[in-house]
Protein chains: 2
Amino acid sequence: MENKVTDAELAILQVLWRNGPSTVREVNDIIAEERQVGYTTTLKLLQIMLEKGLVTRDATDKSHRYWAVVQEKAIQRTLVGKMLDTVFHGSSSALVMQALGNHEPTPEELIKIKEFIERIEAQQRDE
Amino acid sequence: MENKVTDAELAILQVLWRNGPSTVREVNDIIAEERQVGYTTTLKLLQIMLEKGLVTRDATDKSHRYWAVVQEKAIQRTLVGKMLDTVFHGSSSALVMQALGNHEPTPEELIKIKEFIERIEAQQRDE
DNA sequence: AGAGATCTACGAAAGATTTCGTAAATATTT
DNA sequence: AAATATTTACGAAATCTTTCGTAGATCTCT
């Protein structure tokens, strides 16, 4: 992953991940709910993201429709990895505990996490 | 937390967290191992961080000694919180699984995490 | 004390990111 | 078909971050 994704780009990607293929206006309407952003700003960002290959578009109609090329999981992986390296010294357990302490999951989610851990443990035993 | 901590500032904070109160030269020597950075760049950044209140210093001696005011845990909390909001839709379990998948912890760490989860579960039962 | 080394302060350049204004093209309405 | 709306393209301004050069102060060594 050579290209860094900036904050403004990430905000746009989130809209595209959530809503699927969208026009500039649709994206901008949603971004503008949060903070004041002009239409051409969003347009310009999407054009930059197109160049970087973060998104693609269908330019058949007058208002082009954009969608994310980079997948949310890939960005999650990159960002978690960077965070592990920079502020957690590579300790995933420290990150995990911070995350759990930060925003407590539901009982169901806790069970899922435990199952996930047990799968890792089983795998480690086989090695 | 009003002030955003930039990447260059974070790199300096990491040195201060690891090594404790340090002079500009000491900080710069360590940063410069990784990437080429001039002495006055590090100096300027520390002065900016001083203004922002991220660090403080003892200016008794000629070479001032700086240390972090903001604690590593606080930054971890902030960054994990931001990440939860932006790319994980508030789902700490998704973040946890990404972290565990990303960089597998040692068996000992896994046990610590399980204990941590069990403490949360016990607490949830009491509510 | 004088020369040389090291340090701080700080403005300003350089670089990166975000924002917007304007022009031209395309669509819509009357 | 003319007037009005909306859209794209794109340069450039505005803003934020990082980097450095220079001046002057302080220390060290001879």
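Scope of the values below: all heavy atoms of this structure, side chains included, with no hydrogens, waters or symmetry mates. Each chain gets a letter, A, B and so on, in the order the sequences are listed, and its residues count up from 1.
In terms of polar N and O atoms assigned as donor or acceptor, the side chain of B/K62 comes within less than 3.5 Å of the base of C/dT6 in a complementary pairing.
Between the side chain of A/R65 and the main chain of A/P21, a donor-acceptor pair closer than 3.5 Å is present. A side-chain donor-acceptor contact under 3.5 Å links A/E26 to the backbone of A/T23.
When the nucleotides C/dT19, C/dT17, C/dA12 are ranked by their closest atom to the side chain of A/L45, C/dT19 comes out on top. Distances were taken from every side-chain heavy atom of A/K44 (C-beta onward) to each of D/dT6, C/dC7, D/dC10; the shortest belongs to D/dC10. The side chain of A/Y39 approaches D/dT8 more closely than any other nucleotide in the set D/dC20, C/dT8, D/dT8. Distance from the side chain of A/R57 is smallest to D/dA9 among C/dT18, D/dA9, D/dC20.
Between B/T23 and C/dC7 there is no side-chain N or O to OP1 or OP2 distance below 4.0 Å. Taking side-chain N and O atoms only, B/S63 has no distance below 4.0 Å to OP1 or OP2 of C/dT6.
One can place CG of B/N28 at 13 Å from P of C/dT6, the figure rounded to the nearest angstrom. Atom P of nucleotide C/dA14 and atom CD of B/Q36 are separated by 16 Å, given to the nearest angstrom. Nucleotide C/dC20 holds its C1' atom 14 Å from the CZ atom of A/R35, rounded to whole Å. Computed from coordinates, the A/M49 CE to D/dT8 P distance equals 15 Å when rounded to whole Å. Distance CG (B/L54) to C1' (D/dT17): 14 Å, rounded to an integer number of Å. Separating the CG atom of B/D61 from the C1' atom of D/dT26 is a distance of 12 Å, rounded to the nearest angstrom. Going from atom CG of B/L46 over to atom C1' of D/dT19 covers 14 Å, rounded to whole Å. We find that CD of B/E26 is positioned 11 Å from P of C/dT8, with the value rounded to whole Å.
Each of A/R25 and B/K52 has a nearest nucleotide on DNA chain D; the 5'-most of these lies closest to A/R25. Projected onto DNA chain C by closest heavy-atom contact, A/L43 and B/H64 fall at different nucleotides, the more 5' of which corresponds to B/H64.
When heavy atoms are screened at a 4.0 angstrom cut-off, A/T40 is found touching base atoms of the nucleic acid. Across all strands, B/T41 comes closer than 4.0 Å to base atoms (heavy-atom distances). No engagement by A/E9 is indicated, since no non-hydrogen atom pair under 4.0 Å with the nucleic acid exists.
No side-chain heavy atom of B/W67 sits under 4.5 Å from any side-chain heavy atom of B/V55. In this structure the side chain of A/E109 reaches within 4.5 angstrom of the side chain of B/S91, judged on heavy atoms.
With salt bridges taken as basic N to acidic carboxylate O contacts below 4.0 Å, none links A/K4 and A/E9.
Glycosidic conformation of C/dA5 is anti; the angle lies outside 90° of 0.
In this structure, D/dA5 forms no base pair with any nucleotide, since neither Watson-Crick nor G-U wobble geometry is met with both distances under 3.5 Å.
By the 6.0 Å contact criterion, NZ on B/K52 is enclosed, its count of non-hydrogen atoms from other residues, nucleotides or ligands being greater than 12.
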